[in-house]
Protein chains: 2
Amino acid sequence: MDALDQRIISRLVADARSSYSEIGKAVGLSAPAVKRRVDRLLDTGVLRGFTAVVNPEALGWGTEAFVEVHCIGNVTPDRIRARLLPLPEVVAAYTVSGAADAIVHLRAGSIHHLEDALERLRAVDMIDRTVSTVVLSRLLDRPPAPELS
Amino acid sequence: MDALDQRIISRLVADARSSYSEIGKAVGLSAPAVKRRVDRLLDTGVLRGFTAVVNPEALGWGTEAFVEVHCIGNVTPDRIRARLLPLPEVVAAYTVSGAADAIVHLRAGSIHHLEDALERLRAVDMIDRTVSTVVLSRLLDRPPAPELS
DNA sequence: CGTGAAACCATAGCATG
DNA sequence: CATGCTATGGTTTCACG
């Protein structure tokens with residue numbers, strides 16, 4: 001993980017479909033050298049893969065919410081995870097410090113759909129109580145800067 | 001936006017670097033037909049682009065928090081956005097319903113770095129008060145399912 | 001790491017339904 | 001309108017030095 005790797009990652013974050021020779025020209029390497037580095041980054045888990053960024057609104061997934069989840073008793077992260085996986089509206093989930101046990105990021109097609117998803121979320125047995133916060137607008141959404149801390 | 005487009009999007013979300021002929025084989029189209037559809041999806045904004053998924057921990061961005069932001073008086077989303085943009089630790093931000101005005105998703109390299117970012121966030125003049133929730137572990141992180149609504 | 005070769009891909013133009 | 005074909009130039013992906 002040197003400076004060259006970081007520049008390669010920056011390029012791929014900006015456009016995952018750019019060619020290795022394009023990246024190579026930008027960072028001063030040959031195309032095979034770039035591929036070798038990318039393969040290594042994938043192998044070591046620094047890069048998890050490449051994905052398309054979809055506009056959720058265009059796909060009819062324009063309604064989001066963050067839900068604080070309070071569980072009954074002490075539950076392991078793995079068990080929470082197992083119960084959240086079957087819900088397709090759950091796009092992300094985290095265990096957190098503070099009063100809540102977890103924060104669940106929901107995405108749905110409409111307020112009605114969101115309500116439905118919330119109902120299914122609340123039906124999960126280990127969940128005691130939820131506090132939902134509906135997203136009104138997305139102010140910002142960007143990849144973390146690959147450069148240092 | 002028909003079923004074919006959705007299957008193409010699924011494929012690209014799963015791997016943004018797969019070739020048009022590969023996708024074509026999977027969905028039953030020729031490579032040029034797939035490219036034309038992808039170009040159209042990019043044009044119409046359904047697809048916003050292609051990006052590499054980086055492992056934040058591997059890059060030293062393993063510390064996250066969600067911060068409820070309470071502003072002074074009535075502030076427009078655009079003005080909040082303008083103040084958040086210069087903070088590189090802000091990876092996402094939303095205006096929300098409820099008591100808070102916004103939720104800010106922070107990512108930093110360490111607790112210390114997070115504290116520093118929080119301090120800079122709180123220094124934003126229009127911000128009255130913040131409530132931070134530190135992420136302990138990531139349970140789930142996946143793209144929204146393109147199918148149904 | 002770079003070079004070179006073979007297979008593969010992107011992409012524009014043209015023809016078909 | 002969207003599709004499939006075809007041609008050409010660029011790309012990927014080896015093996016080798």
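Below, read A as the first sequence line, B as the second, and so on, with proteins coming before strands; counting in each chain starts at 1. In what follows, every heavy atom counts, from backbone to side chain, and hydrogens, waters and symmetry copies are set aside.
In the set C:dA10, C:dC1, D:dT12, the nucleotide with an atom closest to the side chain of B:Ser19 is C:dA10. Of the candidates D:dA2, D:dT3, C:dT11, the closest approach to any side-chain atom of B:Ala33 belongs to D:dT3.
Rounded to whole angstrom, the span from the NZ atom of A:Lys35 across to the P atom of C:dC8 amounts to 15 Å. Protein atom CG of B:Leu29 is 14 Å distant from nucleotide atom C1' of D:dC1, rounded to whole Å. The nearest whole Å value for the distance from the CG atom in B:Asp43 to the C1' atom in D:dA2 is 16 Å. Separating the NZ atom of B:Lys25 from the P atom of C:dC9 is a distance of 6 Å, rounded to the nearest angstrom. Atom OH in A:Tyr20 sits about 10 Å away from atom C1' in D:dT13, given to the nearest Å. Rounded to an integer number of Å, the gap from A:Glu22 CD to C:dA10 P is 13 Å. What separates CD1 of B:Ile23 from P of C:dA10 is a distance of 8 Å, to the nearest Å. Rounded to a whole Å, the CG atom of A:Asp15 is 14 Å from the C1' atom of C:dA10.
Electrostatic pairing of A:Asp101 and A:Arg129 does not count as a salt bridge here, judged by no charged N lying under 4.0 Å from a carboxylate O. Electrostatic pairing of A:Arg11 and A:Glu22 does not count as a salt bridge here, judged by no charged N lying under 4.0 Å from a carboxylate O.
Looking at heavy-atom distances under 4.0 Å, B:Arg36 makes contact with a base. Using a 4.0 Å heavy-atom criterion, one finds that A:Ser30 contacts the bases of the nucleic acid, with or without backbone contacts as well.
You'll find the side chain of B:Val67 stays beyond 4.5 Å of the side chain of B:Ile103, heavy atoms only.
A:Thr63 and A:Ser110 are not linked by any side-chain donor-acceptor pair at a separation below 3.5 angstrom, with hydrogens and angles left out of the test.
When the nearest nucleotides of DNA chain C are assigned to A:Pro32 and A:Arg17 by heavy-atom distance, the more 5′-ward of the two goes with A:Pro32.
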